[in-house]
Amino acid sequence: MEKKFGLSLLLIILTSISGMGQERPRILKGAVKSLRNDVSNLLIVNLNSKKSTITDTLGLFSIEVKLKDTLQVSAVQYQTKEFIITDTIINQNLVVINLSENVINLNEVTVTPYNLTGKIDLDIERLGLKPVVTSSSLGLPNANIEVMTQSERLLLEADRGKYVYYYGIALVINTHKIMNKLSGRTKSFEDMIARDENMELEKKIISKFSKKTLSESFDIPEANIDGFLTYCLIQEDFPSLSNKSTTEVWKYLKTKSMAFKEAD
């Protein structure tokens with residue numbers, strides 16, 4: 001009788017410990033992916049705990065979850081996605097979430113103004129369209145200067161001018177530049193620019209090598225290719241690929257695929 005009671009008590013304790021383990025909050029790390037649209041500042045909400053966060057410029061995020069919680073990813077340009085936290089998801093190093101564009105279907109409308117035929121060459125002649133006038137075609141000064149990104153403009157504003165300069169006979173200290181440097185604001189903008197450049201480089205790689213090709217060549221499940229590319233993106237030597245040939249990029253990816261499979 002005492003043995004049965006002891007065994008029952010042990011089972012109750014183990015069950016309680018197991019239940020407590022399942023209820024223990026964990027920090028889930030993830031990456032939101034999309035080939036066409038920006039994945040920064042997307043809203044990630046734990047519908048159970050009501051806690052939320054937003055993705056960074058790379059689409060990366062971390063949020064506290066428990067088993068069986070429901071996460072929701074939403075943004076105007078994407079279809080809202082919800083998924084339940086399972087044991088498999090919790091045990092992953094990085095959860096990759098692929099979003100679909102929020103496409104609004106319109107009724108088909110056929111418009112035939114100016115007696116168009118549908119043949120481009122013939123219709124252009126009928127319409128008498130003139131070449132598009134641009135600053136480059138007009139030969140205006142600075143027409144070919146590359147437009148800065150938002151991150152580059154923010155860095156330029158935070159780090160403008162010299163630390164010390166003369167105004168007439170007076171020595172002027174650039175406190176704006178110094179405070180941004182000391183507060184880390186300048187560094188944060190530099191990091192933003194680096195992330196933007198890495199994202200552009202990642203898109204170029206995806207345009208050269210399909211996910212199916214990477215999966216078959218490196219023996220990585222196609223569902224994990226996004227995670228592999230994110231792994232490559234956070235490597236310190238990843239930016240060096242911008243000056244590499246296609247062959248050199250492929251060799252780099254092959255080397256990193258081995259390290260990725262060992263770490264996964």
Side-chain angles (χ1 to χ4, degrees), residues 27-46 50-64 72-78 94 96-97 99 133-207 226 229-244 249 252:
I27 298 299
L28 179 71
K29 295 183 179 180
V32 179
K33 292 287 184 177
S34 172
L35 290 180
R36 297 185 180 181
N37 291 329
D38 182 22
V39 290
S40 63
N41 298 318
L42 304 186
L43 181 62
I44 314 293
V45 180
N46 185 326
K50 306 304 179 184
K51 292 183 178 180
S52 62
T53 186
I54 59 173
T55 58
D56 63 15
T57 54
L58 295 179
L60 301 175
F61 70 91
S62 60
I63 189 170
E64 187 178 280
Q72 182 186 78
V73 185
S74 60
V76 174
Q77 68 271 35
Y78 294 111
L94 185 74
V96 177
I97 305 170
L99 295 184
V133 178
T134 65
S135 56
S136 297
S137 65
L138 293 175
L140 297 178
N142 302 324
N144 296 319
I145 293 179
E146 187 175 348
V147 178
M148 290 191 296
T149 64
Q150 181 183 6
S151 300
E152 289 171 335
R153 291 195 298 270
L154 290 171
L155 177 61
L156 182 64
E157 182 276 331
D159 200 40
R160 66 176 182 269
K162 299 180 178 180
Y163 287 108
V164 179
Y165 60 93
Y166 284 96
Y167 185 77
I169 62 172
L171 182 65
V172 180
I173 298 176
N174 191 343
T175 56
H176 175 78
K177 183 183 180 81
I178 293 173
M179 292 303 296
N180 284 329
K181 196 75 172 179
L182 293 176
S183 66
R185 187 166 180 259
T186 302
K187 181 64 167 58
S188 67
F189 293 145
E190 291 173 344
D191 291 342
M192 287 172 61
I193 292 174
R195 287 195 295 266
D196 291 343
E197 291 174 347
N198 283 350
M199 287 183 65
E200 285 301 316
L201 186 54
E202 182 188 24
K203 290 179 181 178
K204 289 180 181 178
I205 290 174
I206 294 174
S207 67
D226 285 329
L229 292 173
T230 301
Y231 171 82
C232 293
L233 189 146
I234 61 177
Q235 303 303 310
E236 292 184 359
D237 57 349
F238 184 78
S240 66
L241 295 183
S242 59
N243 300 319
K244 302 293 185 181
V249 171
Y252 176 90

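Excluded from the calculations below are hydrogen atoms, water molecules and symmetry mates; all remaining heavy atoms, backbone and side chain alike, are included. Just so it is clear, the model here is predicted, and its values are computed rather than measured.
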- Query: Is there a side-chain contact between V172 and V164 (heavy atoms, below 4.5 Å)?
  - Reply: no
- Task: Would you mind listing every salt bridge (charged side-chain N to carboxylate O under 4.0 Å, His left out) that reaches into residues 167-183, with sequence neighbours excluded?
- Result: D159-K177
- Is a side-chain donor or acceptor of T55 paired with a backbone partner of L42 at a separation under 3.5 angstrom? yes
- Residue pair L241 / I205, side-chain heavy-atom distance below 4.5 Å: yes
- Message: A quick test of your reading: do over 12 heavy atoms of other residues, nucleotides or ligands sit less than 6.0 Å from CD of Q235?
- Response: yes
- Message: Do I27 and I63 have side chains that approach each other closer than 4.5 Å (heavy atoms only, starting at C-beta)?
- Response: no
- Does T149 offer a backbone N or O that forms a donor-acceptor pair with the side chain of E152 under 3.5 Å? yes
- Could I get the full list of ring-ring contact (aromatic ring centres under 6.0 Å, His included) partners for Y231, not counting sequence neighbours? F260
- With the side chain counted from C-beta on, respond yes when S62 and L28 share a heavy-atom pair under 4.5 Å apart, and no when they do not. no
- Under the salt bridge (charged side-chain N to carboxylate O under 4.0 Å, His left out) test, residues paired with K29 that sit two or more places apart: none
- Message: For a 4.5 angstrom cut-off between non-hydrogen side-chain atoms, does Y78 reach V39?
- Response: yes
- Message: Would you say that more than 12 heavy atoms from the other residues, nucleotides or ligands in this model lie under 6.0 Å from the CD1 of I178, or not?
- Response: yes
- Message: side-chain contact (heavy atoms from CB on, under 4.5 Å), that's the test. Do L201 and F238 meet it? Break it down for me.
- Response: CA-CA 9 Å; L201 186 54; F238 184 78; 3.7 Å; yes
- Quick one: do the D196 and S151 side chains pair a donor with an acceptor below 3.5 Å? yes
- Okay, side chain of N180, backbone of T186: is any donor-acceptor separation there less than 3.5 Å? no
- Task: Measure the spacing between CG of N41 and OG1 of T57 and express it to the nearest 0.5 Å.
- Result: 9.0 Å
- Query: Is the count of non-hydrogen atoms from other residues, nucleotides or ligands lying under 6.0 Å from K203 atom NZ greater than 12?
  - Reply: yes
- Item | Partner set under side-chain contact (heavy atoms from CB on, under 4.5 Å) for S183, not counting sequence neighbours | R185
- Shortest non-hydrogen separation from T230 to E202 and the atoms involved: N-OE2, 4.3 Å
- Nearest-0.5 Å distance, OG of residue S40 to CE of residue M199: 7.0 Å
- Indicate yes or no for a side-chain donor-acceptor contact from H176 to the backbone of E157 under 3.5 Å, with no hydrogens or angles considered. yes
- Is it true that a side-chain atom of D56 and a backbone atom of L60 form a donor plus acceptor pair closer than 3.5 Å? yes
- Under a 4.5 Å cut-off applied to non-hydrogen side-chain atoms, are F61 and V32 in contact? yes
- Query: side-chain contact (heavy atoms from CB on, under 4.5 Å) with Q72: which residues, sequence neighbours excluded?
  - Reply: L47, S74, T80, E82
- Message: I'd like to know if the side chain of N46 reaches the main chain of T53, judged simply by a donor and an acceptor atom lying under 3.5 Å from each other, with no hydrogens or angles considered.
- Response: no
- Task: State which residues pass salt bridge (charged side-chain N to carboxylate O under 4.0 Å, His left out) with K244; sequence neighbours excluded, sorted by chain then number.
- Result: none
- Message: Contact between L155 and I193 at the side-chain level, heavy atoms closer than 4.5 Å - yes or no?
- Response: yes
- Item | Side chain D226, main chain I97, donor-acceptor under 3.5 Å | no
- Message: Before you tell me yes or no, could you show the steps for R195 and D191 under salt bridge (charged side-chain N to carboxylate O under 4.0 Å, His left out), namely the whole-Å CA-CA distance, both residues' side-chain angles and the distance that decides it to 0.1 Å?
- Response: CA-CA 6 Å; R195 287 195 295 266; D191 291 342; 5.1 Å; no
